[in-house]
Structure formats: C-alpha cells, structure tokens
Amino acid sequence: MRSYRAFEVAVQGCLLLKHQINPWNPAWDEIEATTIESYRKLSGSDQLPRELSLYNGFCLLRSLGSALGEESQRALMDVLRTRNHSYLEHGYSRVDQNTSERLNHVAMRICEEILACPLDDLRALVRHDF
C-alpha cells in the first residue's frame, strides 16, 4: 500500500511541479489537444477525470512525454497488481514481508525516476521540527 501511494504522490507531484497541472482539479481546457488525444488512447477512456489518481496521472505523464523505461513500467505494474490482489484492496492475497520490502525498494527507485531527483535530496527539504 505504501509503495502504491509513493507512486501516486510522485506522479501527482510531477504533474503539479513539472507540468503545472493540478492533479486534484486538472484544467483540461488548458492542455494541448494532442496531449488529450494521446491521454485518451493510453487510458482507454473518452472521459476526462475530475482528479488524477495514479493510473490516470501516469497516463497523462506519458502523454506529456514523461515516460518510464520498460523495466520501470513492468515494476510499476507489479506493484499495482500486488496491491489490487491483496486483501487490503480488492483481492484475497497476503503480501509477505519479502514481497513488501522488494516492492518498497522498487517503488523508491521508480519515484526517483518519475521525479528526476534522488529522494534523499527531497527529504532534506522537508522539516519535521515545529
């Protein structure tokens, strides 16, 4: 679940910071028609969503030219599949500790690829003392 959420935050952050697209209220009328056409093909939907979740946000990033490498795309799909099949979401499978650790490691690597920045650099920007 944490790996899935990490991907979602990375995708939403990239849309907002790199492309100035608000993932919680995208201004579709300000996005180029060719990008929207590409998004529709990739997402398999003619409907434009009111909010961009992980899958929709990832499709829009790909339409904007921010694609992941093939290995990273397979790893992303592995995380999505594992999450969806777990009993915490839609399925009946348990996620063991080894799988959880592997997916978390993969998620952090792919988040760095999506954000084009080491996560340690981003963590250093966050203050936790009040």
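Computed from heavy atoms alone, side chains included, the values below leave out hydrogens, waters and symmetry copies.
Judged as a salt bridge (Lys or Arg N to Asp or Glu O under 4.0 Å), the pairs with a partner in residues 30-43 (not counting sequence neighbours) are, in order, Glu37-Lys41. The salt bridge (Lys or Arg N to Asp or Glu O under 4.0 Å) analysis of residues 7-26, with sequence neighbours excluded, yields the pairs Arg5-Glu8. Evaluation of the salt bridge (Lys or Arg N to Asp or Glu O under 4.0 Å) test over residues 97-107, restricted to residues two or more places apart or in two chains, returns Asp78-Arg102.
Remark: His19 NE2 to Ile31 CD1 distance equals 10.5 Å, nearest 0.5 Å. Taking CG of Asp46 as the start and CD1 of Ile36 as the end, the distance is 12.0 Å to the nearest 0.5 Å. The line from CG of Leu60 to OG1 of Thr35 is 7.5 Å long, rounded to the nearest 0.5 Å. Atoms CZ and SG, on Phe58 and Cys14 in that order, are 10.5 Å from each other to the nearest 0.5 Å. Put simply, CZ on Phe7 and CD on Gln12 are 13.5 Å apart, with the number rounded to the nearest 0.5 Å.
Using a 4.5 Å heavy-atom cutoff, the side chains of Ile21 and Leu64 are in contact.
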Show me the donor-acceptor pairs, under 3.5 Å and distance only, between side chains in residues 48-56 and residues at least two apart or in other chains.
| residue | atom | partner | partner atom | Å |
| --- | --- | --- | --- | --- |
| Tyr55 | OH | Leu42 | O | 3.3 |
| Asn56 | OD1 | Tyr39 | OH | 3.2 |

Distance-only criterion, 3.5 Å: show the donor-acceptor pairs between side-chain atoms of residues 110-122 and protein atoms not counting sequence neighbours.
| residue | atom | partner | partner atom | Å |
| --- | --- | --- | --- | --- |
| Glu112 | OE2 | Leu119 | N | 2.9 |
| Glu113 | OE1 | Ser72 | OG | 2.5 |
| Glu113 | OE2 | Gly69 | N | 3.1 |
| Asp120 | OD1 | Arg123 | NH1 | 2.8 |

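The shortest non-hydrogen separation linking Pro23 to Leu15 is CB-CD1, 4.5 Å.
Hydrophobic clustering (ILVMFWY, side-chain heavy atoms < 4.5 Å, transitive): Trp28 and Leu16 are in distinct clusters.
Within a 6.0 Å radius of CD in Gln20, other residues, nucleotides and ligands contribute more than 12 heavy atoms.
Every side chain to side chain donor-acceptor pair (under 3.5 Å) that Ser38 has, sequence neighbours left out, goes to Ser63.
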